[in-house]
Amino acid sequence: MPHSEIANRAAPHAPSAIQSSDSVTMFGFVAALIQQISDPVSALAGEVEAICSADRDDPLTEQARCEAFARISSIADRTSAYLVQAQTMLRATNEWKPLEIDAMIRDVAMRIAAAPFGSGIEFTLRLPPDMPKIAANRSQIDRLLWEVMRNAAEAMADISGRKLLVVECAIVDGELEIAVSDQGPGCADAEAIFTLFASGKTGHAGIGLNIARAFANANGGQLRARHGGNGGNGGLRVIFTLPLH
């Protein structure tokens, strides 16, 4: 292989950073990490192969060899940075802190409203002014709220007229209860919405609500659903409970 080809080998573009939303499940975390380091590892293998091939066919000059080693060092540094980032993300997903659930609900509602599938959605948030803080995993509860509220918004994509998404919070039997209701078609077998890989929506993998239920359980709570959202006429009502202590 000509020395110029080794020296001019284009360095691969750095992939985007691992997103915290990808790291909230072990599956997503591992998938994101593999994606991050696959390019640098492939580039490293390519550099080593190029050096070995060049040495067999035409020994490298000292300058070409130094440039190749510099690129290898850069790739190793980038891979190490990804692993440090992944370690930081993993630690963050295991942190339990007192959470202001009302603020998190408002934040998720704003993000839903700004998303394409949130266009035309009317939000009604019935949040008591004295809601207690809840000790839970922030990233998991954020993902849970996002999946449940996104599902409610997307369920109303094809209906005409008013699209009302209601979130209600209350203290029931020593637990915080959060109910999300929509005016979509609903589901006669409400429990089916939590089945892994089951989705009635085109282009959806059917894992979001399954993950949401796993996060509810991991935080000592429950996630259930029943047919009949706003007003009981069609729609779906998804109820999330968390212990106060």
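The chain is numbered in sequence order, starting from 1.
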Quiz item: Under 4.5 Å between side-chain heavy atoms, hopping through other hydrophobics if needed: is there a path connecting I101 to V172?
Solution: no

Quiz item: Shortest non-hydrogen contact from Q140 to A218?
Solution: OE1-CB, 3.9 Å

Quiz item: What distance do M104 atom CE and I141 atom CD1 have between them, rounded to the nearest 0.5 Å?
Solution: 6.5 Å

Quiz item: For Q222 and N217, what are the C-alpha separation, side-chain angles and deciding distance, and is it a side chain to side chain donor-acceptor pair (under 3.5 Å)?
Solution: CA-CA 6 Å; Q222 293 183 332; N217 295 339; over 6 Å; no

Quiz item: Counting only heavy atoms not in D173, do more than 12 fall under 6.0 Å of its CG?
Solution: no

Practice problem: Identify whether the distance between the nearest side-chain nitrogen and carboxylate oxygen of R138 and D142 falls below 4.0 Å. | Solution: no

Quiz prompt | Minimum-distance pair of heavy atoms, taken over all atoms of L165 and A152 | solution = CD1-CB, 3.7 Å

Quiz item: In Å, rounded to the nearest 0.5 Å, how long is the span from NZ of K133 to CD of E100?
Solution: 4.5 Å

Self-check item: Test log, rule side-chain contact (heavy atoms from CB on, under 4.5 Å), inputs V180 and L145
Solution: CA-CA 9 Å; V180 178; L145 292 170; 5.9 Å; no

Self-check item: Ionic contact status for E177 with R224, cut-off 4.0 Å
Solution: yes

Exercise. Kindly compute the distance separating CG (D130) from CD1 (I171), expressed to the nearest 0.5 Å.
Key: 8.0 Å

Quiz item: With the 4.5 Å side-chain cut-off for hydrophobic clustering, are L236 and L125 part of the same group?
Solution: yes

Quiz item: F117 and I121: same hydrophobic cluster, using ILVMFWY side-chain contacts below 4.5 Å?
Solution: yes

Quiz prompt | Interatomic distance, R150 atom CZ to R111 atom CZ [nearest 0.5 angstrom] | solution = 11.0 Å

Exercise. Please examine the side chains of W146 and I112, heavy atoms only from C-beta on, and report whether any two atoms are closer than 4.5 Å.
Key: yes

Practice problem: Give the intermediate values and the outcome of side-chain contact (heavy atoms from CB on, under 4.5 Å) for residues I211 and E147. | Solution: CA-CA 8 Å; I211 290 174; E147 294 295 348; 5.6 Å; no

Quiz item: Quick check: are there more than 12 heavy atoms from other residues, nucleotides or ligands sitting under 6.0 Å from CD of E122?
Solution: yes

Quiz item: How close do M149 and V108 get, heavy atom to heavy atom, and via which atoms?
Solution: SD-CG1, 3.6 Å

Exercise. Locate the shortest heavy-atom distance separating G220 from P243; write the atom from each residue and the value.
Key: O-CD, 3.2 Å

Quiz prompt | Minimum heavy-atom distance between G174 and L244, given as atom pair plus value | solution = O-CG, 3.3 Å

Quiz item: Is it true that E168 and R237 make a salt bridge, defined as a side-chain N closer than 4.0 Å to a carboxylate O?
Solution: yes

Quiz item: When you look at D107 and I105, which way does the side-chain contact (heavy atoms from CB on, under 4.5 Å) test go after all the steps?
Solution: CA-CA 5 Å; D107 176 70; I105 290 172; over 6 Å; no

Quiz item: Under the 3.5 angstrom rule, does the side chain of N137 hit a backbone N or O of S139 as a donor-acceptor pair?
Solution: yes

Self-check item: Residue pair R106 / L127, side-chain heavy-atom distance below 4.5 Å
Solution: yes

Self-check item: E175 side, atom CD; T241 side, atom OG1 - distance, nearest 0.5 Å
Solution: 4.5 Å

Exercise. Could you grab the distance from atom CD1 of I178 to atom CD1 of I239, nearest 0.5 Å is fine?
Key: 11.5 Å

Exercise. Show your working on side-chain contact (heavy atoms from CB on, under 4.5 Å) between L176 and F240 and close with a plain yes or no.
Key: CA-CA 8 Å; L176 174 64; F240 169 44; over 6 Å; no

